[in-house]
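Working notes for the structure below.
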Amino acid sequence: MEKYNKLSTLPLGSINPRGWMLEQLRRNKDGIGGHLPELEPRMIATPYTTRETEPHWGEARKAGWGAEISGNYWYGLVELAYTLNDDELKAMADKWVAEVLANRCEDGYLGTYTENDDMFDDYNAWGTACGMNALLSYYNATGREDVLKAVHDCMLWFCKNWAGDKKTRYAGIFIANAMSKCYLLTGDKRLVDFCEEYYDFLEKNDLFGKSLSAYLGEKLRYNTNHGAGYTNSMVRPLDVYLMNGDEKYLNATLNAYRKAKNKMMQKTGGITCEVEYLAPLGAVVETEYCGIAMFNYAMANLLYVTAESEYGDEMERTVFNAGEGARKKDEKAIAYMSSPNQIFATEKSSPAAGFHQVYAPCDPTACCPVMSVRLLPEYLRYSVLKGEDGSVWFGAYAPMKASVDGISFETETLYPFRDTIEYKISTAAPVKKTLHFRIPEWCNNASIKVNGKDSGVVCAAKSFAAIDGEWKEGDIITLTLPMSVRISKVDDSDRCSHFPITIEYGPLLYALQVPESWDAYPGRPVTPLPDGWHWYNVNPIIPRSNLDVYDDMGKRKELISWNVALDENITADQVTVELLEPAGYPWENPPIKLHAPAWKAPYAYPPYPSRNAEPLCEKGYVEVTHPVDIELVPFGCTALRISYFPRAGK
């Protein structure tokens, strides 16, 4: 079978976390990663095992949402279990797989729908794909042929029963992902034919901009798709390219990504999602956590298919900023929706989507909590790849250990908070191998040393630097990616033309942290939460003045920390970098801060705020009074923050 991907993933379990990543994944195991089936059993534990789904959703939705949410959780759980090499989590996965296989239909169907449901419902294909991806991930880790056969039979059920015009226009095409993975393992041409026919169907029946013509065209329309749905669907043509090598499918995904990046990608790395739909950029425009995870997956796939460094850059931007910035640091809650500027994260704070900005372990439609489980293990899974010639490609960075063909590379780096990544090599015998290291677009003076000596390798930005060697036990490779401050303006001209200012350093976006109060309350879970689990309204700590209640609005002039603006002509050399001694978990206690000059902007926000809102500007500028200094931390370390700073007017 001909291959069209330039790189390949390593077997699940070949890459294991170290340092802060290990601590975070262990926290996730003790948090929502290891406990979601207990918190919402009919939403997560049983849809595939007994086909019992959450009746709260209603008859029209319950089988489909159960398929999506449960399938995505178990995919993430399998990835987490084998990434951590954790026996307890593996046992959970084993039990689930056994029960799913025992629940197979005689005709091969393996999803969550029953004969009483509409088997041609749009979500049947989409939701089933989520569950099949979980089983295929389990197969990748265990090699169990009975699991692969079960998935293959289910894919053939769709080929037979969804033939011709029995396909659907919105989410059904997502089954191409599971079809592609299954084809690459079985070589069954019927799966290719089905996916090609699906795109022929969409060409004639396109409403949501998911046809090849829509992706290849110049137009990207607001409101055509969920933000998360677009990030997921834009990579489905790539699945077909992996099967047939037809470059129109590859180009469709590439062009869809370019349009989203140019028009709808926030500086956090999140795709816009206003009332869940694609929308113009803005300081309080939200990103859905599903979209964060799906965008990372899309970029990971483009990385291993094309071997282009740009996509590793995007993985880091999305995971380290948007992904980390919407997680409670004990891993017991996430925010369904989050935005670049958040003064509140409460039931009332969202400008558009109700209670979705609260931090919760599991909400009435828990698509986002389950997707948060897969984000970091999946990031690690695609961070180290293998070339057809046996070469090793380091496409994204984090503390980890990767084992490839009898040689291992281990680093406990503090990246992305530091610029140095030191790999220690372990091998029983010397191994000749070419190593490729991604040099980010933002890094102009990277270097690679081997055992303390300059390698002489050219390290050009936005490329992979290749180094040949015969590697032996104890060799040390030191990659240094010097970081610099970058200041830019966000083009929000399709919304309000404020052109707010952002500050980045290396792969991280920096933010003014708003002092926060985590206020626990029972929330609105479908199943009441057990002791120790809560929903949270995150409110700002607002200093009080010594004035009477009516004059108290004067507090905004001096006391409220987020009432600031930046001079639009601020330069990078005006921002200073403070490296701190590491003290515990870095996403709680950042080992780096930036300091920048700013202006007090007392009239930028309402004096008695209750929800997130754009600052009040006059022709794109806010009125300021006097200079102040501000301290910035990585966006991913915050729950409340300002990262899109209004421009100071005189």
task: List the steps and the verdict of salt bridge (Lys or Arg N to Asp or Glu O under 4.0 Å) for D330 and K332.
output: CA-CA 6 Å; D330 64 3; K332 286 192 170 184; 5.7 Å; no
Which label fits [X] and [Y]: parallel for a plane angle under 30°, tilted from 30 to 60°, or perpendicular past 60°?
X: Y423; Y: F437; value: tilted
X: Y257; Y: F295; value: tilted
X: W20; Y: F320; value: perpendicular

Under 3.5 Å: donor-acceptor pair, side chain of [X], backbone of [Y]:
X: S338; Y: A335; result: no
X: R495; Y: P280; result: yes
X: N232; Y: A228; result: no
X: T272; Y: L278; result: no
X: S383; Y: L380; result: yes
X: Y379; Y: R374; result: no
X: T318; Y: M315; result: no
X: D492; Y: L281; result: no
X: Y289; Y: G323; result: yes
X: Y382; Y: M299; result: no

Spacing of [atom1] belonging to [X] relative to [atom2] belonging to [Y], to within rounding of 0.5 Å:
X: L616; Y: E623; atom1: CG; atom2: CD; result: 11.5 Å
X: N28; Y: I334; atom1: CG; atom2: CD1; result: 10.5 Å
X: K600; Y: I560; atom1: NZ; atom2: CD1; result: 7.5 Å
X: M234; Y: L254; atom1: CE; atom2: CG; result: 10.0 Å
X: L508; Y: T268; atom1: CG; atom2: OG1; result: 12.5 Å
X: E316; Y: N296; atom1: CD; atom2: CG; result: 10.5 Å

If you compare all heavy atoms of [X] against all heavy atoms of [Y], which two are closest, and at what distance to 0.1 Å?
X: E286; Y: S350; answer: OE2-OG, 2.7 Å
X: P602; Y: T625; answer: CG-CG2, 3.7 Å
X: T478; Y: T420; answer: CG2-CG2, 3.7 Å
X: I271; Y: G227; answer: CG2-O, 4.1 Å
X: S372; Y: R327; answer: O-NH1, 3.1 Å
X: P440; Y: D313; answer: CA-OD1, 3.4 Å

Surrounding [atom1] of [X] (heavy atoms of other residues, nucleotides or ligands, distance under 6.0 Å), is the total greater than 12?
X: E618; atom1: CD; value: no
X: R221; atom1: CZ; value: no
X: R26; atom1: CZ; value: no
X: K449; atom1: NZ; value: no

query: Does the separation of the ring centres of Y359 and W518 fall below 6.0 angstrom?
result: yes
For [X] and [Y], does a side-chain donor sit closer than 3.5 Å to a side-chain acceptor?
X: N341; Y: E614; result: no
X: Y397; Y: R438; result: no
X: Y536; Y: E516; result: no
X: T502; Y: S488; result: yes
X: E578; Y: H595; result: yes
X: Q357; Y: T346; result: no
X: D494; Y: Y222; result: yes

- request: Could you walk me through whether Y277 and H226 pass the ring-ring contact (aromatic ring centres under 6.0 Å, His included) test, one step at a time?
  value: CA-CA 4 Å; Y277 276 77; H226 276 56; 4.6 Å; yes
Is [Y] paired with [X] through a side-chain N to carboxylate O contact shorter than 4.0 Å?
X: E378; Y: R381; result: no
X: K259; Y: E218; result: no
X: R524; Y: E347; result: yes

Side chain to side chain contact (heavy atoms under 4.5 Å, CB included) partner of S349, the single match among N539, N537, N612: N612
task: Please report the C-alpha distance between E331 and K29 in whole Å, then the side-chain angles of each, then the deciding distance to 0.1 Å, and finally whether the salt bridge (Lys or Arg N to Asp or Glu O under 4.0 Å) criterion is met.
output: CA-CA 8 Å; E331 295 288 317; K29 175 197 170 182; over 6 Å; no
- request: Would you sort out whether W442 and Y505 count as a ring-ring contact (aromatic ring centres under 6.0 Å, His included), showing the intermediate values?
  value: CA-CA 9 Å; W442 47 259; Y505 184 73; 8.3 Å; no
message: Check whether Y510 forms a cation-pi arrangement with R641 (NZ or CZ under 6.0 Å from the six-membered ring centre, at most 45° off the ring normal).
response: no
message: Can you confirm if the NZ or CZ of R27 lies within 45° of the ring axis of Y585 and under 6.0 Å from the centre of its six-membered ring?
response: yes
Please examine the side chains of [Y] and [X], heavy atoms only from C-beta on, and report whether any two atoms are closer than 4.5 Å.
X: Q342; Y: I642; answer: no
X: P416; Y: P507; answer: yes
X: P361; Y: L529; answer: yes
X: I477; Y: E422; answer: no
X: P525; Y: L39; answer: no
X: L84; Y: N16; answer: no

task: With sequence neighbours left out, write down each residue that passes side chain to side chain contact (heavy atoms under 4.5 Å, CB included) with E568, or none if nothing qualifies.
output: K489, I501, Y621, R647
message: Go through it in stages, so that I can follow the logic: the residues are E631 and Q513, the test is side-chain hydrogen bond (donor to acceptor under 3.5 Å, both in side chains), and I'd like the CA-CA distance, side-chain angles, deciding distance and then a yes or no.
response: CA-CA 8 Å; E631 178 181 273; Q513 187 167 25; over 6 Å; no
field: Verdict with supporting geometry, R486 and E441, salt bridge (Lys or Arg N to Asp or Glu O under 4.0 Å)
entry: CA-CA 12 Å; R486 304 187 310 284; E441 183 178 13; over 6 Å; no
- prompt: What do the steps show when you test F645 against W599 for ring-ring contact (aromatic ring centres under 6.0 Å, His included), and what is the final call?
  reply: CA-CA 11 Å; F645 292 92; W599 288 85; over 10 Å; no
